[in-house]
Undergrad: 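Here you go, one structure.
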Amino acid sequence: MKLATNKEHIKYDRHCLNLSQDEIKAKMEGEPYVIRMKVPDGEEVVFYDVVRERVAIQCDEIDDQVLIKSDGFPTYHFANVVDDHLMGITHVMRGEEWLPSTPKHVLLYQFFNWKLPKFIHLPLLLNPDKSKLSKRQGDVSVEDYLNKGYLPETLINFVALLGWHPKDEKELFSLSDLENEFSVKRINKSGAVFDVEKLKWMNGQYLKNLPIETIMKYAEPVFKSKGWDTKNTEKFKAVIENARKRADTIHEMIKPSIPFYAELEYSDEDNNLLQNESSQKVLTYFSEKLTGQINWTEAEIKLLVNETGEITGVKGKDLYAPLRISLFGEVHGPDIPLLIGILGIDETIIRIQRHI
RNA sequence: GGCCCGUUCGUCUAGUGGUUAGGACUCAGGAUUUUCAUUCCUGCAACAGGGGUUCGAUUCCCCUACGGGCUACCA
């Protein structure tokens, strides 16, 4: 594998620099050629990066960079500098991997006698093993995370905090917060590992604290793709309100919402529990009482649950489990009054009576 | 190999020539909640190593180690 046994820096040998004008003309007629930048000998290129301050490199370390390729197109190094100058670019913010080639760009600005932009080299985003963030070790693009149910608000906030920190200990920043508080002065130098766990936490925070309408907007296409009908806005809103606090991503909101949009499935264990004597007493009393009144407030339902317990003599888990399983399909879930509020009285009665 | 950049809890980070080295995520324990979730409280956990400079270094300088980036007629 070790092809280059010599440890010297491998550079273009400037073979063609000594050609006569005639020779150059002749070669250009018949042979493919490139145009290179002649880097001065023995000098030092110095520039000031906003993050790293003074950066200096010996010209002897810099190869005579190709500016125009043999296909006639400019290389990035050349096009980049020309473009930026023509567009009046004042600040060049890019990843740290560009730092080593910046002297080439600085030289070009000097050759053209153009005003140097400010360079701001940002620390790299890293994989868990600290290598440069790469496709091979997971998702790297914003789209990947958007598709996984992370919110744009989260992504902006999270990435801003990778390599930058405000003066205080605030962590949740809206875009307009960032406009006010972000400063290149507080960008730090070392690369940052992209920690998905913390991303999840932050997304959960946004899920819980953004206006409900915003969450509904993001969730709607995802819920629709499950074939669920979200037209009943009031119900959809209540479902989202319930799901948002038990999820860290839009996709995680699906699971706690299933019982509100899909047919319930019961395990043998659930059916056994629902059929036992105390469960039957609870379900019967509760549904009969429920049927006898049209409008129920959550407070009234709470009272009815208590009353059911008192009348039937069933309490604790034996009281709540049959109700929750028949209505929700699981022992764990939202408060029963809230659950019934979302389901509606009619659907509640239907679901309970199926098991009596 | 060469050149460049970096190094505070596992991770993201604050910070100072003299601090109990602070916060957040994760994890553990607890409180609230009929359950789950939420929320709250408490706890675990770090200045890479060695030399200097200094009354005193995590902080300033040097070296080493380690990590990363770049080394294309890619960007």
Side-chain angles (χ1 to χ4, degrees), chain A residues 2-12 32-36 49 51-53 55-58 60-80 94-104 121 123-133 158-172 186 188-202 204-205 207-209 241-248 252 255-256 302 305-306 309 315-321 323-325 328 330-339:
Chain A
K2 292 267 169 65
L3 292 179
T5 47
N6 64 325
K7 295 166 184 174
E8 292 306 302
H9 186 60
I10 301 165
K11 285 172 67 175
Y12 172 56
Y33 62 91
V34 299
I35 298 177
R36 286 175 184 268
D49 180 271
V51 176
R52 280 146 231 284
E53 303 190 309
V55 180
I57 189 166
Q58 298 301 323
D60 298 345
E61 299 293 337
I62 306 171
D63 197 3
D64 291 329
Q65 177 63 44
V66 170
L67 299 179
I68 304 290
K69 299 184 274 185
S70 58
D71 62 7
F73 282 94
T75 58
Y76 165 83
H77 300 287
F78 189 45
N80 161 250
R94 55 183 16 169
E96 192 193 336
E97 73 265 35
W98 291 103
L99 202 54
S101 51
T102 302
K104 292 173 181 175
H121 286 94
L124 260 22
L125 259 35
L126 272 26
N127 294 307
D129 71 354
K130 304 252 185 198
S131 60
K132 185 162 106 175
L133 201 61
F158 189 72
V159 173
L161 247 24
L162 254 27
W164 171 81
H165 198 277
K167 280 199 180 71
D168 54 26
E169 284 172 341
K170 184 175 164 185
E171 283 199 304
L172 267 12
R186 290 184 66 85
N188 50 227
K189 300 174 176 63
S190 50
V193 172
F194 193 95
D195 181 9
V196 181
E197 281 302 319
K198 186 150 185 179
L199 208 221
K200 283 191 69 170
W201 166 80
M202 188 176 282
Q205 292 300 305
L207 236 36
K208 289 164 188 69
N209 297 319
E241 194 61 76
N242 170 65
R244 74 194 310 199
K245 65 178 183 217
R246 343 185 143 248
D248 284 330
E252 284 179 8
K255 192 163 176 256
K302 193 176 164 65
V305 173
N306 291 342
K315 49 190 161 183
K317 189 172 181 282
D318 292 336
L319 170 63
Y320 292 98
L323 289 173
R324 196 171 274 115
I325 290 176
F328 196 67
E330 284 186 50
V331 242
H332 301 305
D335 292 341
I336 289 174
L338 176 64
L339 182 47

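In what follows, chains are A, B, ... by sequence order, proteins preceding strands, each numbered from 1. Computed from a predicted model, the values in this text were never measured in an experiment.
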Undergrad: Using atom CZ of A:Arg94 as one end and atom C1' of B:rC70 as the other, report the distance to the nearest whole Å.
TA: 13 Å
Undergrad: When we call it a touch if two heavy atoms are under 4.0 Å apart, what does A:Pro334 touch: a base, just sugar-phosphate, or nothing?
TA: base
Undergrad: When you get a sec, tell me which of B:rC5, B:rU39, B:rC3 is the closest nucleotide to the side chain of A:Lys208?
TA: B:rU39
Undergrad: Taking the side chain as every heavy atom from C-beta outward, state whether A:Lys189 and A:Asp49 have any pair of such atoms under 4.5 Å apart.
TA: no
Undergrad: Within the structure shown, what part of the strands sits under 4.0 Å from A:Gly316 by heavy-atom distance: base, sugar-phosphate, or nothing?
TA: nothing
Undergrad: I'd like to know if A:Lys245 reaches the base of B:rA37 with its side chain, counting only an N/O donor and acceptor under 3.5 Å.
TA: no
Undergrad: When all nucleic acid strands are considered with a 4.0 Å heavy-atom cut-off, which category describes A:Val66: base, sugar-phosphate, or nothing?
TA: sugar-phosphate
Undergrad: With sugar-phosphate meaning primed atoms plus P, OP1 and OP2, does A:Gly309 contact a base, only sugar-phosphate, or nothing at under 4.0 Å between heavy atoms?
TA: nothing
Undergrad: Closer than 4.0 angstrom, basic N to acidic O: yes or no for A:Arg244 and A:Glu241?
TA: yes
Undergrad: Classify the nucleic acid contact of A:Val193 as base, sugar-phosphate or nothing, counting any heavy atom under 4.0 Å across all strands shown.
TA: sugar-phosphate
Undergrad: Tell me: CD of A:Gln58 to P of B:rC3, nearest whole Å?
TA: 11 Å
Undergrad: Does any part of the side chain of A:Lys198, heavy atoms only, come nearer than 4.5 Å to the side chain of A:Leu161, both counted from C-beta?
TA: no
Undergrad: Within the 4.0 Å heavy-atom criterion, would you say A:Asp168 contacts the bases, only the backbone, or no part of the nucleic acid?
TA: nothing
Undergrad: Kindly say if A:Lys69 contacts the phosphate of B:rC74, meaning a side-chain N or O under 4.0 Å from OP1 or OP2.
TA: yes
Undergrad: Which is true for A:Ser70 with a 4.0 Å heavy-atom rule: it touches a base, it touches only sugar-phosphate, or it touches nothing?
TA: base
Undergrad: May I have the distance from A:Leu161 (atom CG) to B:rA24 (atom C1'), rounded to whole angstrom?
TA: 9 Å
Undergrad: Does A:Arg186 put a side-chain nitrogen or oxygen below 4.0 Å from OP1 or OP2 of B:rG15?
TA: yes
Undergrad: Using a 4.0 Å heavy-atom cut-off, does A:Gln205 contact any base of the nucleic acid, only the sugar-phosphate backbone, or nothing at all?
TA: sugar-phosphate
Undergrad: Would you classify A:Arg324 as touching base, sugar-phosphate or nothing, given that sugar-phosphate means primed atoms plus P, OP1 and OP2, and contacts are heavy atoms under 4.0 Å?
TA: base
Undergrad: Kindly point out which of B:rU39, B:rC36, B:rU34 is positioned nearest to the side chain of A:Lys302?
TA: B:rU34
Undergrad: In whole angstrom, give me the gap between the C1' atoms of B:rU54 and B:rG43.
TA: 38 Å
Undergrad: Does the side chain of A:Tyr12 come within less than 4.5 Å of A:Val66's, by heavy atoms?
TA: no
Undergrad: Using whole Å, what does the distance between atom C1' of nucleotide B:rU71 and atom NE2 of A:His77 come to?
TA: 11 Å
Undergrad: Expressed in angstrom and rounded to an integer, what is the separation of A:Lys130 atom NZ from B:rA48 atom P?
TA: 12 Å
Undergrad: Would a 4.5 Å heavy-atom cut-off, applied to side chains only, mark A:His121 and A:Val51 as touching?
TA: no
Undergrad: Which part of the nucleic acid does A:Ile336 contact within heavy-atom distance under 4.0 Å: base, sugar-phosphate only, or nothing?
TA: base
